[in-house]
Each structure stands twice: as structure tokens, then as C-alpha cells.
Peer 1: 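Just dropping this structure here.
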Amino acid sequence: MAELAQKIKIMKGAAPDLSAATYQIFDESHTMGNALRWMLMKNPKVEFCGYSVPHPSENLIQLRIQMYDGLSSLDALLEALSHLDDVCSSIEDRYRASITGDQYERWHEKS
């Protein structure tokens, strides 16, 4: 069986209770970074969240999360990922329903 590549890593300097941590997420870009940052900032327990792409030639993002009241940033990250998955599933369901029901705009190129 093929070995799975590491997808996420907690970087050095994280608080022992993970109330503040920077996560390195591999094989992702601004698309995932900005979506995760947006979803995390909707959580009122998140004090700060930001992401960066360290270098354009590296296919990874670094996501910094700081929580209020010593709560776990890892729990917040997992919750944000779950909510983001729900949003994507909802969009896909509505897209498929509109295609099935012929509820879309057609564009015909004039030759």
C-alpha cells in the first residue's frame, strides 16, 4: 500500500495548549488559505487568523490561529474545515440541481 504524504504540520512555537499555533498545510494555495481564513474568522472564539504562502515555488500555506480563553486552535481548524466542506457540498448540490432542471443560462456564439 502506498504511504500517504503528510498534509498538515503544527510548526514550532505553538502554545502548549494550542491556543495559538501556526499550521503548515501542504499542497494548498491561496484558494484554500483565504477560504479557511474566512471560515475561521466567522468563529467568535477566534481572536486572530491569517495565512501566508511563504514562497510561490512552494505549494503550501501557513495558517496562524489564535484563540480567546485558551481554547484549542486545532479544534477551531477542524470545525472550519467541516463547515467549509458543508458549504462546498451545498454549492455542488445546487449546481447539480440547476443543471438537471435546465435552470441555467445558455450562450450561443454568433458565427
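Not measured: the values here are computed from a predicted model.
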Peer 1: Does K45 offer a backbone N or O that forms a donor-acceptor pair with the side chain of N43 under 3.5 Å?
Peer 2: yes
Peer 1: Test your reading of the model: is there a side-chain donor-acceptor pair from Y68 to the backbone of P44, 3.5 Å cut-off?
Peer 2: no
Peer 1: Looking only at non-hydrogen atoms, find the nearest pair between G70 and D17 and report the distance.
Peer 2: O-OD2, 3.7 Å
Peer 1: Could you tell me the separation between the CD1 atom of I61 and the CD atom of Q24, rounded to the nearest 0.5 Å?
Peer 2: 10.0 Å
Peer 1: Tell me if the CZ atom of F26 is crowded by more than 12 foreign heavy atoms within 6.0 Å.
Peer 2: yes
Peer 1: Among all residues two or more places apart in sequence or in another chain, which pass the side-chain contact (heavy atoms from CB on, under 4.5 Å) test with P54?
Peer 2: E58, L60, Q62
Peer 1: Side chains of S29 and V53, heavy atoms from C-beta outward: is any pair under 4.5 Å?
Peer 2: no
Peer 1: Let me confirm one number: the OG-NE2 distance from S52 to H30, rounded to the nearest 0.5 Å.
Peer 2: 9.0 Å
Peer 1: Sequence neighbours left out, what passes salt bridge (charged side-chain N to carboxylate O under 4.0 Å, His left out) with K7? Give chain and number order.
Peer 2: E28
Peer 1: Which atom names give the shortest non-hydrogen contact between A21 and I10, and what distance separates them?
Peer 2: CB-CG2, 4.4 Å
Peer 1: For residues L40 and A76, report the shortest heavy-atom separation together with the two atoms involved.
Peer 2: CD2-O, 3.5 Å
Peer 1: Same cluster or not: L77 versus W38, using hydrophobic residues (I, L, V, M, F, W, Y) connected whenever any side-chain heavy atoms lie under 4.5 Å apart?
Peer 2: yes
Peer 1: To the nearest 0.5 Å, how far apart are CD1 in I25 and OG1 in T22?
Peer 2: 11.0 Å
Peer 1: Can I8 be reached from M32 by stepping across I, L, V, M, F, W or Y side chains whose heavy atoms are under 4.5 Å apart?
Peer 2: yes
Peer 1: What's the shortest heavy-atom distance between A80 and L36, and which atoms?
Peer 2: CB-CD2, 4.2 Å
Peer 1: I need the minimum non-hydrogen distance between M41 and F48, along with the two atoms involved.
Peer 2: SD-C, 4.2 Å
Peer 1: Treating Ile, Leu, Val, Met, Phe, Trp and Tyr as nodes and any side-chain heavy-atom pair under 4.5 angstrom as an edge, say whether L81 and M11 lie in one connected cluster.
Peer 2: no
Peer 1: Quick check for you: to the nearest 0.5 Å, what is the distance between L78 atom CG and S73 atom OG?
Peer 2: 9.5 Å
Peer 1: When you measure from the side chain of S89 to the backbone N and O of D85, does any donor-acceptor pair fall under 3.5 Å?
Peer 2: yes
Peer 1: Could you pull out the closest heavy-atom pair between R64 and A20, with the gap in Å?
Peer 2: NH2-CB, 3.6 Å
Peer 1: Is a donor on one side and an acceptor on the other found under 3.5 Å between the side chain of S98 and the backbone of Y95?
Peer 2: yes
Peer 1: Do the side chains of M39 and I91 join up, straight or via other hydrophobic residues, at under 4.5 Å, putting them in one cluster?
Peer 2: yes
Peer 1: So do E105 and W107 actually touch side chain to side chain, heavy atoms under 4.5 Å?
Peer 2: no
